[in-house]
Structure formats: structure tokens, C-alpha cells
Undergrad: 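Once you've had a glance at the structure underneath, I'll fire off some questions.
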Amino acid sequence: MPKNLVIVESPAKARTIAKYLGQDFKVMSSFGHIRDLPKKDIGVDIKNNFKPTYEVPPDKEKAARELKAAAKGVTVWLASDEDREGEAIAWHVCVLLGLEPAKTNRIVFHEITKTAIAKAVAKPRNIDPKLVDAQHARRVLDRLVGYELSPVLWKKVRTGLSAGRVQSVAVRLIVEREREIKAFKAESAYKVTAVFDARGQAVPAELSEKVASDKAAEDFLNSIKSSSFRVTAIAKKPGTRSPNAPFTTSTLQQEASRRLGYSVRRTMVLAQRLYENGHITYMRTDSVNLAGIAIDAAKKYITDNYGDKYGQVRQYKTTSRSAQEAHEAIRPTNIKALSAGADSAQKKLYELIWRRTLASQMAAALVEKTEVEIAISDHSQKFMASGEILEFDGFLKVYGGGKDDRILPDLVEGQALKLKSASALQIFSRPPARYSEASLVKKLEELGIGRPSTYAPTIGTIQDRGYIEKKDLEGEARQLKEFILEAGKVKPTTQEVVVGADRAKLVPTELAEIVNDFLLKYFSSIVDYDFTAKAEEEFDDIAEGKIKWQEVLKRFYEHFHPLIKKSEGASRAEAMKLRQLGKEPKSGEPVAARFGRYGPVLQIGASPAKGDKEAPKPRFAPLPEGATIETVTLEQALPMFDLPRVVGKTEDGEEITANIGPYGPYIKVGKSFISLKEDKPLRIGEARARELIKEHAKAAAKKTVADFGKLKILRGPYGPYITDGKKNAKIPKDKDPEKLTEAEAQKLLDEAPAKTSFRRRQK
DNA sequence: CAGTGAGCGAGCTTCCGCTTGACTT
């Protein structure tokens with residue numbers, strides 16, 4: 001029987017450490033925080049000096065039971081992470097096991113290697129009560145903000161909403177970015193480019209200044225028709241490009257999004273699998289530090305495979321202001337393994353991590369940049385030609401940026417050049433980019449808001465609450481004017497480009513705007529971008545013993561709670577942004593847009609006064625696509641009251657209607673609904689509707705493996721399944737779904753467990 | 001999943017940060 005019990009946070013870590021510790025040690029996991037504030041109420045006794053009530057949540061009961069059983073009569077070693085949360089986990093484990101925090105062995109290691117673990121065990125310390133206090137303050141502060149603020153939103157806006165220190169700032173960032181984009185006025189200018197001839201070789205160049213108007217652009221091209229051109233200066237400059245630091249959670253999410261197109265959540269699920277199978281180090285980290293053995297192994301690998309001159313040992317320093325550095329950077333556990341992972345998605349992510357890690361220990365790439373100045377005989381402006389040649393690839397050998405050489409022909413100062421052609425193309429200044437999941441994570445990290453373990457869940461939460469939507473943006477076609485000088489003549493022409501098209505961008509809903517504006521008005525200090533940073537300073541003061549944690553909370557609460565009281569005076573109508581659009585021509589009734597119980601809505605006629613049952617009820621309609629409460633016009637609003645609209649009949653004589661529902665525009669035949677994408681419910685014709693109905697039927701047939709009437713076997717995203725319209729059943733792997741008989745299918749369905757409720761996304 | 005927007009009232013919702021499974025149509 002082992003005499004020692006080591007408790008870490010993660011079961012995968014427990015397995016690894018067990019290998020290094022031998023027979024005398026049993027290693028178990030707490031599965032993260034093993035005690036927490038209760039979910040159902042605030043769990044903080046505010047009047048009693050903010051005394052928190054902690055309990056074991058239902059999903060941790062099993063772990064708690066097993067730890068208690070294993071801790072009897074042995075020496076316990078607390079080996080949770082070395083940061084504020086880890087220290088608190090160690091303390092909670094002590095309380096759970098009835099141990100004395102001041103007398104229990106506390107050990108930490110930043111890298112999981114035999115020597116690091118042996119060193120830690122040789123020199124145990126005790127729990128740092130001040131660091132635990134800092135965590136109490138962090139936990140209780142978040143609880144007070146979340147559980148006092150959210151109910152205000154239930155009363156003033158809609159039930160079930162939420163607000164918090166992290167999520168409300170994330171929403172604010174997205175709302176404000178969207179407003180910047182809406183307010184942006186694109187400015188036009190002209191970019192002049194030219195191609196010169198140097199003894200038969202082409203030299204592309206660009207005019208050093210932009211030209212403001214189309215007249216100026218045309219005039220300029222006309223004015224250089226008979227000019228002469230001469231090389232007046234050649235500057236060659238060596239340049240270097242250095243590799244980036246190894247991955248943290250945030251940079252891994254950004255690069256996996258950019259290079260592999262993975263969502264933040266998908267990246268974390270894949271990384272978790274790689275970690276559990278021992279292929280990579282821990283994936284929730286803010287550190288760019290590599291263990292000594294990892295640096296040595298990378299150095300050896302580089303020397304053996306690419307040669308000495310490709311290697312350069314580098315130690316990176318974190319630039320993140322919130323970093324707590326409890327772990328290493330994310331790296332392969334064995335750099336000699338070029339590939340790892342159970343499927344191609346995992347493999348791609350592993351290879352990205354492998355390449356980034358190796359590149360971080362490689363030499364800089366060397367480039368030679370050439371700038372050539374070309375003077376125009378009768379103008380003061382100059383053309384500039386630039387070239388870049390990669391002289392030594394260095395780290396780009398494994399982590400390339402995919403930039404091609406731009407090679408200029410050999411030129412000498414004073415050399416005359418002949419103009420082959422020139423063009424002036426209209427360009428527009430671009431609005432700031434919408435956030436993607438990954439760029440939002442980057443921004444939050446810069447602001448010090450959120451932690452590696454919460455980036456992905458936070459994005460999920462603000463989507464679940466209906467604050468933001470992930471959207472593919474189609475962009476719009478824009479005609480760009482262009483003047484081309486060729487063979488001594490300037491000709492006007494146009495180029496069509498699509499601007500603003502983008503994939504998977506975060507767009508705020510009207511609900512987000514309402515909630516954000518409300519929070520900004522009544523709780524500006526809480527949704528302030530620096531709120532977390534300031535709070536962190538106070539937590540640090542607690543950890544350093546400069547102030548008691550209850551004192552920090554007291555000061556905060558004396559400021560915060562009056563804001564809650566004050567917000568109770570806010571009127572619902574104010575929050576709901578009622579906006580009058582005009583009068584309906586037929587009846588003269590007022591037409592308004594507002595945020596209703598279920599979202600944005602158009603309304604004709606005033607809401608009757610309370611208790612007035614005689615007054616006519618107002619009529620309601622959804623907002624047209626793309627319009628918002630702030631932008632919708634009377635002209636756009638009026639036709640919406642004609643929905644639902646009869647489109648026509650099918651060949652069988654069934655009526656087809658069109659409408660806009662809570663899930664977008666659709667057409668309806670009998671009981672089936674078909675979502676509309678390009679077609680508009682106000683305009684779609686009978687012929688087109690019939691087409692869509694046929695396509696829909698075809699797609700449904702493709703999904704059907706077998707149809708027994710009441711019972712159907714369908715192909716879903718998780719494989720084939722049996723359904724009777726009410727209950728679903730999986731088909732065992734050893735059965736061929738094509739050959740299943742109705743009786744067999746019925747039996748499987750009857751045996752399947754009853755539908756369980758599984759909520760990830762709320763309505 | 002494809003409405004709605006009366007009124008009343010009971011019962012419920014909610015945070016951030018640590019960690020995994022079990023589960024889905």
C-alpha cells in the first residue's frame with residue numbers, strides 16, 4: 001500500500017506523474033476546483049463580512065468521495081498549479097479532507113519532468129493563505145457582479161439574461177466595433193502603378209503619393225505620357241524575420257483559426273485529446289516558457305536534421321499582462337515525433353504545434369530588401385520599386401509565412417527606363433474589421449480579461465444568451481474606377497470587386513445593443529475596459545498581505561450595490577428603445593419600432609393603456625431583414641404587415657405561404673417549412689416556390705436510409721439512427737442500417753433509453 | 001422551431017475559473 005497520496009488537478013497529469021514517483025506514491029486528481037459557491041443562490045453572506053459558503057457541486061461528488069477514501073492514513077501532498085486558483089484548490093482539498101492547511105505538504109512544478117518532480121517532493125512548503133484569500137476575493141467579486149447584475153436585466157429587459165465581469169466586456173467590444181463599422185465613411189483615392197522596361201525586363205513600381213481625385217488621376221497619367229524616367233537611387237538593406245514564441249492557449253487559438261479554420265472551441269477539444277494521449281503539454285496556459293529538456297531536444301533535432309546554423313536557442317518572455325505562468329508553453333512532449341493524433345484534425349493541430357515549437361528555437365530568416373527610386377523628368381513625385389529576396393530561410397523552413405520573393409532586375413543609378421504602361425486605380429479606405437472568435441480572444445487577453453480556461457466557454461455563453469451571432473458576411477460588389485495609360489492613350493475603365501465579404505465573424509444582435517447600452521448607462525465602472533486590470537491589482541495586494549480580502553470587497557460593494565439600487569428606477573420603455581417611424585397612410589395610426597418581449601418588432605397603433613379592454617389591439621410584424629430599430633424606415637416597415645402572404649399553389653393544389661418567423665424567412669406547404677436564403681418572402685413567386693419545394697423533397701430523400709411508414713431510418717450528423725418522430729435510437733456499429741428490418745428497428749427503438757434533455761444552446 | 005406582444009403569479013434564470021466525460025439528430 002502506498003503511504004503517500006499526491007493530488008493534482010488533472011487526471012492526465014496524474015497518470016504522467018505516477019510514472020515518475022514509484023510505488024510509495026498514489027497520484028489522484030481533484031478535477032479542478034472541487035468545491036465552489038452554490039449555484040442556486042448567491043452563497044455569500046454580505047452582512048457577515050462576505051462569508052462565502054462553499055459546497056461540493058454534483059459533478060464533483062464522485063471525485064470528492066474517492067479522495068476522502070484514499071486519504072485515510074496516508075501523507076497527502078497537494079500538487080495543484082502554482083497560481084491563485086491552484087492555491088485555492090489545494091486549500092479546498094485540505095478542508096474537504098479535514099487536513100490542517102498550515103501543516104499539509106504543498107508542492108509545485110512548472111514542468112512535468114522527473115527532476116522537476118523529485119526536486120519539488122524534496123522541498124515541500126505549506127499553503128500560502130494570502131494567495132488563497134486573493135482567490136476568495138476574485139471568486140466572491142465575480143459572484144456579486146454576476147448574481148446581482150443579471151437579475152436587473154431579467155426585470156428590465158428579458159428573463160434568463162446574464163451579465164458578468166468578462167462576458168459583458170466581450171459583448172461591449174463587439175457592439176462598439178459594429179458601431180464603428182456602421183459610422184465609417186470610406187474615403188476614395190487613387191493608387192498609381194507603372195511598369196517600366198529595363199533592357200527587356202519588367203520593373204513594377206508604385207507612385208510614392210496617392211492621388212486624391214479622379215480628375216487628378218487622369219491628369220497625372222496624361223502628364224507623364226512624354227516624360228522620361230531615370231533611376232536616381234538604389235538602397236539595399238538587409239532585414240531579418242524572427243520566429244514567434246511557442247504557443248499559449250490564446251496564440252494557438254488564433255493560429256489554428258487563421259491557418260486551419262478551426263473554431264476556438266474545436267481547437268480546445270482537439271488539443272485536449274492530444275494532451276490526454278500524452279502528445280502535447282497542457283493546453284490551457286498563458287506561458288511561453290519551454291522546459292530545459294524541451295529546448296535541448298529541439299536544439300538536437302535541429303542540428304541533426306537541418307545543421308548547426310539553423311539552430312538558435314531562445315527564451316521567450318510573456319507580454320501578456322495577466323499571465324500567471326503556472327504551466328509551460330504548449331509543445332510536443334516528444335519533438336522527434338513528427339506526427340501524432342487519432343484523426344486528421346488532431347494531426348493537423350499537432351503538426352502546427354510541432355512546427356511552432358521547433359521554429360521558436362531556430363535562427364532568424366535573412367532577407368535583402370531593395371528600394372529603387374525612379375524620378376520623373378518634369379514632376380517632383382517619384383516612383384518606387386521594391387524587391388525582397390530571401391537569403392537564408394532559417395525558421396521559415398518549418399514555419400513559413402508563404403511570402404514569395406519579389407525579384408528586381410539588376411539596375412544602376414542614373415539608368416534610363418522606358419515606361420511600358422501605367423494605371424491609376426481607385427482605392428477605398430477600409431473600416432475596422434469585425435471580430436472573429438480568435439481576434440476577440442486576442443483582444444480580451446490584451447486587456448487582461450478572462451483566462452486560458454475561459455476564452456472558449458465565454459464565446460459560447462455570449463452566443464447562447466443571444467448577444468452575438470457568428471455569421472458569414474457576403475460583402476457587396478463595388479465598381480472601382482481605373483484609368484489606364486497604354487500606347488500613349490489614357491482610357492477610363494472600371495473593375496468590379498467584392499468588399500466586406502468575410503467568414504465566421506461575430507456580429508451583435510439588437511439584444512446585445514440594448515443590454516450593452518443599459519449596462520453602460522447604469523454600470524459604466526463595471527463594463528469599463530480597465531475594471532479587471534484594477535481588480536487584479538487589488539488581488540495582488542491581498543496576496544502580498546497589504547490588505548485583507550474582505551476589505552477589498554467591502555470597498556467594491558459600497559460602490560457597486562448603490563448602482564443596482566439606482567438602476568431599479570430605470571424605465572422598461574427606455575431600455576426597449578421605442579422609436580416612432582411615422583403614420584400609416586390608410587388609418588393614420590402611428591407606426592413604431594421597438595424591442596419587444598421576443599425581440600425587435602414593428603407596431604401599428606399605440607399599446608392600450610393598462611386596464612383598457614375596449615381599445616383596439618395594435619398590429620405587430622417582424623423587422624425586415626438587415627434592418628434594425630435604429631435604421632428601419634416607414635417605407636420598409638409598412639409592407640411587413642402584409643405577411644404572411646399567399647404565394648400560390650403546388651401542382652397538387654396545396655397552398656404555399658411565405659412569412660418571416662423567429663428563425664428567418666420561410667415558405668410553408670402543409671406542415672413543412674422551408675427556409676429562404678436568397679429569395680424574399682414579400683417577392684417570391686409561385687414558380688420559384690415550387691422549385692424550392694422539389695429541392696427540399698430531394699434533400700430529405702437523400703437523408704432517408706429506409707422508410708417503413710411510421711418508422712424511419714435517417715442519416716444524421718452522428719451517423720444513422722431510427723426515429724418514429726418522437727424518439728430516436730442509435731444503431732449499433734455491428735448492424736448494417738441498410739439491412740435492418742422494421743421489426744428489428746422497432747425493437748432497437750423500444751430498448752433505447754428515453755430522450756434525455758441536453759442543453760448546450762438555449763433558445 | 002416557424003407565435004407572439006392581455007394580465008396575474010409561481011418558479012426559474014445568473015457569475016468566473018479549475019477540470020472531464022456523456023451526450024446529441
Undergrad: Can A:Y147 be classed as stacking with the base of B:dC15, given a centroid separation cut-off of 5.5 Å and a plane angle cut-off of 30°?
TA: no
Undergrad: Both A:I660 and A:G450 contact DNA chain B. Which one's nearest nucleotide lies toward the 5' end?
TA: A:I660
Undergrad: Base, sugar-phosphate alone, or nothing: which one does A:P11 contact when heavy atoms must sit under 4.0 Å apart?
TA: sugar-phosphate
Undergrad: Under 4.0 Å, heavy atoms only, any strand: does A:Q272 hit a base, just the sugar-phosphate, or nothing?
TA: sugar-phosphate
Undergrad: Rounding to an integer number of angstrom, what distance separates B:dT24 and B:dT4 when you compare their C1' atoms?
TA: 29 Å
Undergrad: Give a yes/no on whether any side-chain N or O of A:Q135 is located under 4.0 angstrom from OP1 or OP2 of B:dG17.
TA: no
Undergrad: Among the candidates B:dT20, B:dC16, B:dT13, find the nucleotide nearest to the side-chain atoms of A:T159.
TA: B:dT13
Undergrad: Here's one to test your reading of the geometry: is the NZ or CZ of A:R172 within 45 degrees of the ring axis of A:Y529 and under 6.0 Å from its centre?
TA: yes
Undergrad: Output the rounded distance in Å from NE2 (A:H327) to P (B:dG17).
TA: 15 Å
Undergrad: Measure the acute angle between the ring planes of A:Y557 and A:F50, then classify it against the limits of 30° and 60° as parallel, tilted or perpendicular.
TA: perpendicular
Undergrad: In terms of ring plane angle, is the pair A:W91 and A:H136 parallel, tilted or perpendicular, where the classes change at 30° and 60°?
TA: perpendicular
Undergrad: Taking CG from A:L511 and P from B:dT14, how many angstroms apart are they, rounded to a whole number?
TA: 14 Å
Undergrad: With a non-hydrogen cut-off below 4.0 angstrom, is A:Y282 in contact with a base, only sugar-phosphate, or nothing?
TA: sugar-phosphate
Undergrad: Using a 4.0 Å heavy-atom cut-off, does A:A88 contact any base of the nucleic acid, only the sugar-phosphate backbone, or nothing at all?
TA: nothing
Undergrad: Mind checking whether A:F523 and A:F560 have parallel, tilted or perpendicular rings, split at 30° and 60°?
TA: tilted
Undergrad: Can you tell which of B:dC15, B:dT19, B:dA6 lies closest to the side chain of A:R465?
TA: B:dC15
Undergrad: Is A:S162 close enough to B:dC15 that one of its side-chain N or O atoms is under 4.0 Å from OP1 or OP2 there?
TA: yes
Undergrad: Are A:R465 and A:Y467 in a cation-pi contact, defined as NZ or CZ under 6.0 Å from the six-membered ring centre and within 45° of the axis?
TA: no
Undergrad: What is the distance, to the nearest angstrom, from the CG atom on A:D36 to the P atom on B:dT14?
TA: 15 Å
Undergrad: Remember a base hit wins even if backbone is also touched, and classify A:K40 as base, sugar-phosphate or nothing at under 4.0 Å, heavy atoms.
TA: base
Undergrad: Thinking salt bridges, do A:E85 and A:R138 make one under a 4.0 Å N-O criterion?
TA: yes
Undergrad: I need the CZ-C1' distance between A:F556 and B:dC16, as an integer number of Å.
TA: 13 Å
Undergrad: Do any side-chain nitrogens or oxygens of A:S29 fall under 4.0 Å of OP1 or OP2 in B:dT20?
TA: no
Undergrad: Would you say A:R165 places a side-chain N or O within less than 4.0 Å of OP1 or OP2 belonging to B:dG17?
TA: yes
Undergrad: Tell whether A:R284 reaches the base of B:dC18 with its side chain through a donor-acceptor pair below 3.5 angstrom.
TA: no
Undergrad: Measure from NZ on A:K39 to P on B:dG17 and round the result to the nearest Å.
TA: 16 Å
Undergrad: Rounding to a whole Å, what distance do you find between A:H136:NE2 and B:dG17:P?
TA: 17 Å
Undergrad: By nearest heavy atom, map A:Y666 and A:V166 onto DNA chain B; which one lands nearer the 5' end?
TA: A:Y666
Undergrad: What is the distance, rounded to the nearest whole Å, between atom CD1 of A:I667 and atom C1' of B:dC1?
TA: 17 Å
Undergrad: I want to verify a distance call: between B:dC18, B:dT19, B:dA6, whose nearest atom is closest to the A:D83 side chain?
TA: B:dC18
Undergrad: Would you kindly say whether A:Y275 and A:R273 are connected by a side-chain donor-acceptor distance under 3.5 Å?
TA: no
Undergrad: With rounding to the closest Å, how many angstrom separate the C1' atoms on B:dT25 and B:dG5?
TA: 33 Å
Undergrad: With sugar-phosphate meaning primed atoms plus P, OP1 and OP2, does A:K668 contact a base, only sugar-phosphate, or nothing at under 4.0 Å between heavy atoms?
TA: nothing
Undergrad: Look at the side chain of A:E9 and decide which nucleotide, out of B:dT20, B:dT19, B:dG17, has an atom nearest to it.
TA: B:dT19
Undergrad: Among the nucleotides B:dT14, B:dT19, B:dC16, which one has an atom lying closest to any side-chain atom of A:P151?
TA: B:dT14
Undergrad: Assess the residue pair A:T458 and A:Q167 against the criterion (side chain to side chain donor-acceptor pair (under 3.5 Å)); give the C-alpha distance rounded to whole Å, side-chain angles, the decisive distance to 0.1 Å, and a yes or no.
TA: CA-CA 6 Å; A:T458 299; A:Q167 60 169 283; over 6 Å; no
Undergrad: Is the phosphate of B:dG5, meaning OP1 or OP2, less than 4.0 Å from a side-chain N or O of A:Q603?
TA: no
Undergrad: Nearest to the side chain of A:W154 - B:dT14, B:dC16, B:dT20?
TA: B:dT14
Undergrad: Just call it for A:Y275: base, sugar-phosphate, or nothing, with non-hydrogen atoms closer than 4.0 Å on any strand.
TA: sugar-phosphate
Undergrad: Using a heavy-atom cut-off of under 4.0 Å over every strand shown, decide if A:S80 touches base, sugar-phosphate, or nothing.
TA: nothing
Undergrad: Answer yes or no: does a side-chain N or O of A:S453 lie under 4.0 Å from OP1 or OP2 of B:dG17?
TA: no
Undergrad: Touch check for A:G164, heavy atoms < 4.0 angstrom, all strands: base, sugar-phosphate only, or nothing?
TA: sugar-phosphate
Undergrad: Under 3.5 Å, is there any donor-acceptor pair linking the side chain of A:R143 to the base of B:dC16?
TA: no
Undergrad: Starting at atom CD of A:E536, determine the distance to atom P of B:dG17, rounded to an integer number of angstrom.
TA: 9 Å
